[in-house]
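Single-structure report; data block below.
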Amino acid sequence: MLSLAFLGALAIAVLVAHGGSAASGPTYNRDVAPILDSKCASCHRLGGIAPFALTTAAEAKAHATGIARMTRAGLMPPWMPGEDSAAIVGRDARRLTRGELSTLGRWAANGAPAGKASDRRTTPARPAGLSGPGRTITVAPRKAYRPHAAGGGIDDYHCFVLDPKLKQDAFVTGALIRPQRTGIVHHVILYEAAGAQATAAVRLNAASGGRGWTCFGGPGLPFDLSASSSLTRLGQPPWIAAWVPGHTTNALPGGTGVLVHAGAKIVMQVHYNLIAAVGPDRSSAQLRVRPATTALTRLETQLVAAPVELPCPAGVSGPQCARQRSLQDEVNKYGAEAAFVPAARLQTCNRTLADYPTAVGAGTAIPTTCDRAVTQRSTIYGVAGHMHLRGRDISVVLDPGTAKEQTLLHIPAWDFHWQDVYYLQKPVEVGPGDTIRVRCSFDNSKDAQPVVGAKQLTPRYVLWGEGTTDEMCLAMLSVASG
């Protein structure tokens, strides 16, 4: 005769084997799927930007230990802004609550049981698309382009002319940029080329037989300094939209739009980084547009860039540690204009080489900053930061060192693979007398060097440069003037 204790133990074993537990612990279908479906599946799905899917019980169980570890460490779902950043739209949708963290941890520790299929009440979220009033326009290059590096580098900046065929001025209220080959696309920027700039873009494209042109730095169009905002764009044409790794925000804040003029062309600049792979690419974009007569607030992108001067770490010497050698390397890779950029960054930020170290100890952060005075009344709706592979920390601060100081965005643990534009829950009004500061810190130690072709690069003097293995310190602000 079987004992009651034995029967009880057998019942527990059967429950666990079938996805339950005597203590009614979390199961995938009832408790875990709602968390993964809402906060993970838009990336972790077949064809998504994540390396594996988390849309079924079997997929989640295969990664249960990693899910518990990465969520407990705060590394997933990726939410880069620090707690000292301003209140940002969508923060709660990307972060896990204490209860959700507890559920994932207990589920993984209990063997990641599936539970009853009938308990599942949710479906995996899809990547954010374009919605709302208006119509959608799809633009893409006429044919695929096979990127190739020049000057001994591993980067290719290429510009394509796209025609939205706008017969009237229109507002773009959202943009979904689709890099075809995410393994080599470093970033995509859509510029508006109107008037003389449109004519120049068409001419450059025709000269290549319709295949586009090399465009390190900017799109290579004539400067238009007639608009007051041209200097805050560092001389570049107006931005329409952009994509970087980790980008998920496709819609502008409600009631806003970016104006594109009738007859304008779109220049799509694609930065290809060829560290890992090479192959043909035909990236495209979808734009949600509304007539310019719609009562929308017009947004523009403004840029604040700080110098980058990263010497070799202490104890490392050689010709690669000479600043002049690095400057010449950039000229060889990106053209003669590259020689002027580091000096221009220093000058516009009122800095000199004496403000930067000549050598640093292992693991020592190298900071840089730049302040830009606000010259007209405007409202800041969104903010983003950009660095490359040696970046460690970036912040965008309003009125630093004053009683009005406010951190708009702080990313304390920079990750090149998770970048985005962050829209403020309460847009911030600024005007003459205010200052915007971008601050970055970098690690140029031996251990921080990028890996190319499975080999870590030798430390060198690093300047502001167009390549992924160079560096940048850039703040991007989405602003309405007036």
Side-chain angles (χ1 to χ4, degrees), residues 137-151 153-167 169 172 175 177-181 184-227 229-231 233-243 258-274 278 280-285 287 300-301 303 330-341 344 465-467:
I137 297 174
T138 299
V139 288
R142 197 159 49 97
K143 60 180 70 173
Y145 168 74
R146 180 177 289 274
H148 58 281
I154 54 173
D155 297 274
D156 182 4
Y157 278 62
H158 205 77
C159 281
F160 307 87
V161 175
L162 314 178
D163 190 355
K165 294 181 168 53
L166 292 177
K167 299 187 181 304
D169 293 355
V172 174
I177 298 174
R178 299 183 182 277
Q180 184 182 30
R181 295 178 66 91
I184 61 175
V185 176
H186 174 292
H187 77 242
V188 178
I189 301 175
L190 303 183
Y191 297 98
E192 182 199 21
Q197 290 185 333
T199 301
V202 171
R203 186 183 304 116
L204 284 168
N205 192 51
S208 70
R211 295 186 296 273
W213 65 94
T214 299
C215 55
F216 287 107
L221 303 179
F223 285 174
D224 178 7
L225 301 179
S226 59
S229 60
S230 60
L231 293 178
R233 298 194 305 268
L234 303 181
Q236 295 186 358
W239 288 33
I240 301 172
W243 177 94
V258 173
L259 185 66
V260 179
H261 295 87
K265 306 299 183 186
I266 294 175
V267 173
M268 180 173 74
Q269 181 195 63
V270 185
H271 174 186
Y272 296 103
N273 176 256
L274 310 177
V278 66
D281 173 73
R282 190 168 179 255
S283 295
S284 62
L287 306 177
E300 297 179 331
T301 297
L303 308 175
E330 293 202 356
V331 171
N332 294 341
K333 291 184 290 186
Y334 314 130
E337 290 186 2
F340 303 104
V341 174
E466 302 300 320

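The structure displayed is predicted, hence computed values, not measured ones.
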Between [Y] and [X], is there a side-chain heavy-atom distance shorter than 4.5 Å?
X: Leu221; Y: Leu204; value: yes
X: Asp156; Y: Tyr145; value: yes
X: Leu190; Y: Val172; value: no
X: Tyr334; Y: Val341; value: no
X: Ile184; Y: Pro147; value: yes
X: Met268; Y: Val139; value: no
X: Arg146; Y: Pro280; value: yes
X: Trp243; Y: Val185; value: yes

Query raised in the report: How about His187 and Tyr157: are their ring centroids closer than 6.0 Å?
Result: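 Here the rings of Tyr157 and His187 have centres that are less than 6.0 Å from each other.
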Report task. Go through the structure and list residues passing side-chain hydrogen bond (donor to acceptor under 3.5 Å, both in side chains) with Asp169, not counting sequence neighbours. Result ->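 For Asp169, no residue satisfies side-chain hydrogen bond (donor to acceptor under 3.5 Å, both in side chains) once neighbours in sequence are set aside.
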Query - Residue list, side-chain hydrogen bond (donor to acceptor under 3.5 Å, both in side chains) with Asp155, at least two apart or on another chain - result: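 Testing Asp155 for side-chain hydrogen bond (donor to acceptor under 3.5 Å, both in side chains), a comparison that skips the adjacent residues, returns His271, Asn273, Thr468.
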Query - Under 3.5 Å donor-acceptor, Glu192 side chain and Pro237 backbone - result: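 The answer is no, because no donor-acceptor pair under 3.5 Å joins these two groups.
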Query - Exam field: side chain Arg282 to backbone Gln180, donor-acceptor pair closer than 3.5 Å - result: no
Of all heavy-atom pairs between [X] and [Y], which one has the smallest distance, and what is that distance?
X: Asn205; Y: Arg211; answer: OD1-N, 3.8 Å
X: Val331; Y: Ala336; answer: CG1-CA, 4.1 Å
X: Cys215; Y: His158; answer: SG-C, 3.4 Å

Query raised in the report: How many angstroms lie between CG in Leu162 and CG in Leu287, if you round to the nearest 0.5 Å?
Result: 9.0 Å
